[in-house]
Amino acid sequence: MVNSSAAQENPPLLDKDAPLKEDIRLLGRLLGDVLRDQEGEAVFDVVETIRQTAVRFRREDDAQAGQDLTALLHKLTREQTISVVRAFSYFSHLANIAEDQHHIRRRRAHLLAGSAPQQGSVSFALSKLKAAGVASDTVRTFFGDALIAPVLTAHPTEVQRKSILDAEHDIARLLAERDLPLTPRERVANMALLHARIATLWQTRMLRYSKLTVADEIDNALSYYRITFLRELPGLYDDIEEEIAAHYPGADAALTDNSYVQMGSWIGGDRDGNPNVNAGTMQHALVRQATTILDFYLDEVHALGAELSISTLMVGASDALQALADASPDQSPHRSDEPYRRALIGIYARLAATARALGATNILRKEVGHAAPYLDAAGFCADLDVLADSLRAHHGQLLVKPRLATVQRAAAIFGFHLASLDMRQTSDVHERVLAELFAGAGVEADYTRLTEEQKVQLLLAELAQARLLYSPYADLSEETASELAILRAAKDIRQRYGKRAIRNYIISHTETVSDLLEVLLLQKETGLLRARDKQLDAMVIPLFETIPDLQRAAGIMNEWMALPLVKELIAHQGQLQEVMLGYSDSNKDGGFLTSNWELYKAEIHLVKVFLDAGVKLRLFHGRGGTVGRGGGPSYEAILAQPPGTVNGQIRLTEQGEIIASKFSNAEIGRRNLELLVAATLEASLMPHAAEGAKAQQLGRFEAIMADLSARAYKAYRNLVYETPGFTDYFFSATPIAEIAELNLGSRPASRKSTKRIEDLRAIPWGFSWGQCRLLLPGWYGFGSAITQWVEEGERDEKIATLQAMFKEWPFFATLLSNMDMVLAKTDLAIASRYAGLVADVELRERIFKRIAAEHGTTLRCLEMITGAHERLAGNPLLARSIQNRFAYLDPLNHLQVELIHRHRALSGEPGKVDERVHRGIHLSINGVAAGLRNTG
């Protein structure tokens, strides 16, 4: 077999994907060797037979192959089933590693060839801006004012254990090593290590057998900081400065601001529907975050002490640097002429003291002597500046960049808090808490019965009062006591870790202005709002989620920003207000087309309201992994935003297995961070030609979209919420019940203990449809809407209009591109096997036929508009990737159906659950999620 590096030694390659294929073959062969060694030749033969039969079933549409596959799966013993599921699951994981490595390989080849900047790079964005006449001062102002914040969240679709991620990270490193020129001995050693790591992977438990805790989720997320963010984010800042200097030569390209990209987190602070989040989890999150960043600083400062061996016998040093050295606890005569080392020993001692003060308990290298902790991160930054300034003033400019500049960048970005922790709770809880406080204080006996107008009047009056509703002597309910404790913890966290540690409070299910005022009042009760000084510590951020919520969003914000108190608070926030938009619930509520349209409309209306109020709008996009939940490529999504909605301000959630796919590899992580910056830069500063004929054309497109949305909404709602038996079909034809049992996250799968789709969280809703390969939330209703609209009028003219919308309107083009990706991963043949899980034959046939008919209609309409008769024609690499992995993914789906059959046949009998079957289902869920990559 020709290995990947050998293939690269004979350029030019006719097939750019040849190294990828070789890597996949190599990893697959090694996995096969491990399977033979660990499980025996017989199990290997079973796996291979199943794979070949599944390929025949897919490629040849062979009915006999389908029967053969069913017979093969029925004959598997429990032990064989687990081995087969694990084999195909691990192959999906290994294929992902190979693909990630190939993306890195192709990008490096592009850079080495000196080709034009790639779309999605900062260089590409700056080239476009310069060509459009955007001045360097405008670019500098953008970076001075911008906030671009990926916010990591934990959700029940996160299927990876950290142990598995660590093993896969090592395999990725070894695979990348094979692209280097290795000696024969090194190549043999590399192969042996790869083989060993895959064997380790095989012998590592893939699943958690105990419920994941919030503390586990916090630690899982922090592992990505060590892999990617701590080094790659400061490195990205360096790259951006260099690109600005290259594109705007002669201008001062140095950026004084080091905070335009910052990290956010919900893990430990998001208590909407999660009873496991409380004041303790928030405090634990900040202790772990501070420990992570301070460990990094301690390591880097220790390394700097070894590197900066500069002697004043050779070169001078500044007075400030000498003073820093003199204040150090290090008084060794051996370093009397080495002020940088002495200063760094002092900085290390102060960092170690700071780490202990902030909760760290394990400082690996003991400091030389006692020193006072830093009061805040600004003091640490000031000491680093003293070092850098002294070096630059004494011929040491070259010594700054290798490490010191990175630490300076990191300190400015991450402080001592690492990431801003958002608080989130649902509006219903706030109402209950305040009702109890009002009643206890004798202010209002039944707050919940008041009209909206009465609530607003009461809340404003109470906000103007100096006294509190809370009394330490009151006997409060557990919920109220917990909510107040959380807000007090937030105040303490800000004092200990810095103001950026917590600065946002998000309100789920915001439906009225009173929902916002309630959180202001709760902050006043706990000292986070000083109304007289107009100082608010945590910005109150509405989250508009359902279709009706999105339609009310602009009106609510208009009323909110008109309130005199709120006007003053917004002024103290820098004339800035954030609004969060939820993609998940709006999709579950109204379907793919309507959700996207209502989000687009809400943004346009919000821009106008904010413009009239003279307030800068920052949108927080609550995107998920699936396209149905706002997933898909972030770069295209940002560029497709309506004009005026970005303006250098954007936050967006990164969640579930998407975090792993984007940030578990440092180079890919850096690329994804750059995509966010480049897209925000381009969307914010590129001139928008929306006048005259263009504006008229856009208005026409929007009117058509409104019509299509209404039709798609009706089709989707009719199926999901109005079709008798649909809920029973969903719970039978998808693994939703088994997903709810899996130890995937700390949050329950449903908000209430019911089988109503309305109560099911949007995340497991989308995840379940992905598992059965229908991915219904990402396309259903589109075909019906297009077909009806086209047939009501001049058909050819309407088709031409839709084609023009696709070519000229980024919003519509991105929508169709994302749907195209979903349809490429959809498989009706496999979905039909899941439909077979529905015991009621009439119900099964009635609903599956409707879904299949809509699928066919949607495919025809998409092809009619785009002109492409193959899925992902515009993205051949992704198309090949999906096709290549289906041969290994399909058997997992078939096995999952077989295992669910067995599990459900037994589960009705008390005490008759087969744990091996149960485990096999959960393993298959992991493998399918890994194979599809964005199903959460």
Side-chain angles (χ1 to χ4, degrees), residues 1-4 20-60 62 64-99 164 167-168 170-171 174-175 188 190-207 830 884-899 902 916-917 919-928 930-931:
M1 178 181 290
V2 180
N3 60 49
S4 60
L20 169 61
K21 294 172 185 173
E22 293 299 334
D23 282 349
I24 290 177
R25 288 192 197 104
L26 170 64
L27 294 176
R29 179 169 61 79
L30 290 175
L31 179 62
D33 291 344
V34 168
L35 187 61
R36 279 194 187 95
D37 180 56
Q38 304 284 326
E39 307 295 326
E41 195 73 36
V43 171
F44 175 82
D45 290 342
V46 168
V47 169
E48 189 58 19
T49 303
I50 289 172
R51 185 189 69 81
Q52 290 173 359
T53 309
V55 169
R56 207 166 79 242
F57 178 67
R58 161 168 290 278
R59 293 183 182 169
E60 300 171 19
D62 187 341
Q64 183 59 49
Q67 294 172 17
D68 293 346
L69 189 60
T70 300
L72 274 170
L73 300 179
H74 271 305
K75 287 192 300 184
L76 289 177
T77 66
R78 291 182 306 167
E79 290 75 14
Q80 286 176 325
T81 300
I82 296 294
S83 297
V84 172
V85 170
R86 292 183 73 224
F88 285 111
S89 295
Y90 275 127
F91 184 82
S92 289
H93 287 253
L94 294 173
N96 289 346
I97 293 170
E99 286 188 6
I164 298 295
E168 291 179 357
D170 216 17
I171 291 169
L174 289 165
L175 194 63
V188 169
N190 174 279
M191 183 72 80
L193 278 173
L194 261 179
H195 198 164
R197 294 297 176 266
I198 292 173
T200 301
L201 201 61
W202 185 261
Q203 293 186 358
T204 299
R205 174 167 48 84
M206 185 180 278
L207 297 178
I830 288 175
N884 288 340
R885 68 180 60 222
F886 273 173
Y888 302 90
L889 185 59
D890 291 353
L892 279 171
N893 286 112
H894 292 296
L895 279 162
Q896 189 179 98
V897 172
E898 172 64 24
L899 289 166
R902 296 183 191 181
R916 282 185 175 271
V917 170
R919 181 149 49 104
I921 294 170
H922 291 176
L923 286 165
S924 71
I925 289 170
N926 182 297
V928 171

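Numbering starts at 1 and runs along the sequence shown. Because the structure is predicted, anything quoted here is derived from the model rather than measured.
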Sub-4.5 Å side-chain heavy-atom contact between [X] and [Y]:
X      : Y      : result
Phe91  : Leu889 : no
Leu26  : Met191 : yes
Ser924 : Val85  : yes
Leu27  : Leu194 : yes
Leu72  : Leu76  : no
Arg25  : Glu22  : yes
Glu48  : Gln52  : yes
Thr81  : Arg902 : yes

Please check if the side chain of [X] supplies one atom and the backbone of [Y] the other of a donor-acceptor pair under 3.5 Å.
X      : Y      : result
Asn190 : Leu174 : yes
Gln38  : Leu35  : no
Asp170 : Arg197 : no

In Å and rounded to the nearest 0.5 Å, what is the [atom1] to [atom2] distance from [X] to [Y]?
X      : Y      : atom1 : atom2 : result
Gln896 : Leu892 : CD    : CG    : 8.0 Å
Lys75  : Thr70  : NZ    : OG1   : 12.0 Å
Arg205 : Leu923 : CZ    : CG    : 11.0 Å
Leu20  : Glu99  : CG    : CD    : 6.0 Å

> Which residues pass the side-chain hydrogen bond (donor to acceptor under 3.5 Å, both in side chains) test with Arg916, sequence neighbours left out?
Replying inline: none
Do you know which two heavy atoms are closest between [X] and [Y], and how far apart they sit?
X      : Y      : value
Ile24  : Ala98  : CG1-CB, 3.7 Å
His894 : Leu69  : CD2-CD2, 3.2 Å
Gln203 : Arg86  : N-NH2, 4.2 Å
Pro891 : Phe886 : CD-O, 4.2 Å
Thr200 : Thr204 : O-OG1, 2.7 Å
Gly920 : Leu899 : C-CD1, 3.5 Å

> What residues form a side-chain contact (heavy atoms from CB on, under 4.5 Å) with Leu201, not counting sequence neighbours?
Replying inline: Tyr90, Leu94, Ile164, Ala167, Glu168, Ile171
> Does the pair Phe88 and Ile50 meet the rule for a side chain to side chain contact (heavy atoms under 4.5 Å, CB included), with working shown?
Replying inline: CA-CA 10 Å; Phe88 285 111; Ile50 289 172; 4.1 Å; yes
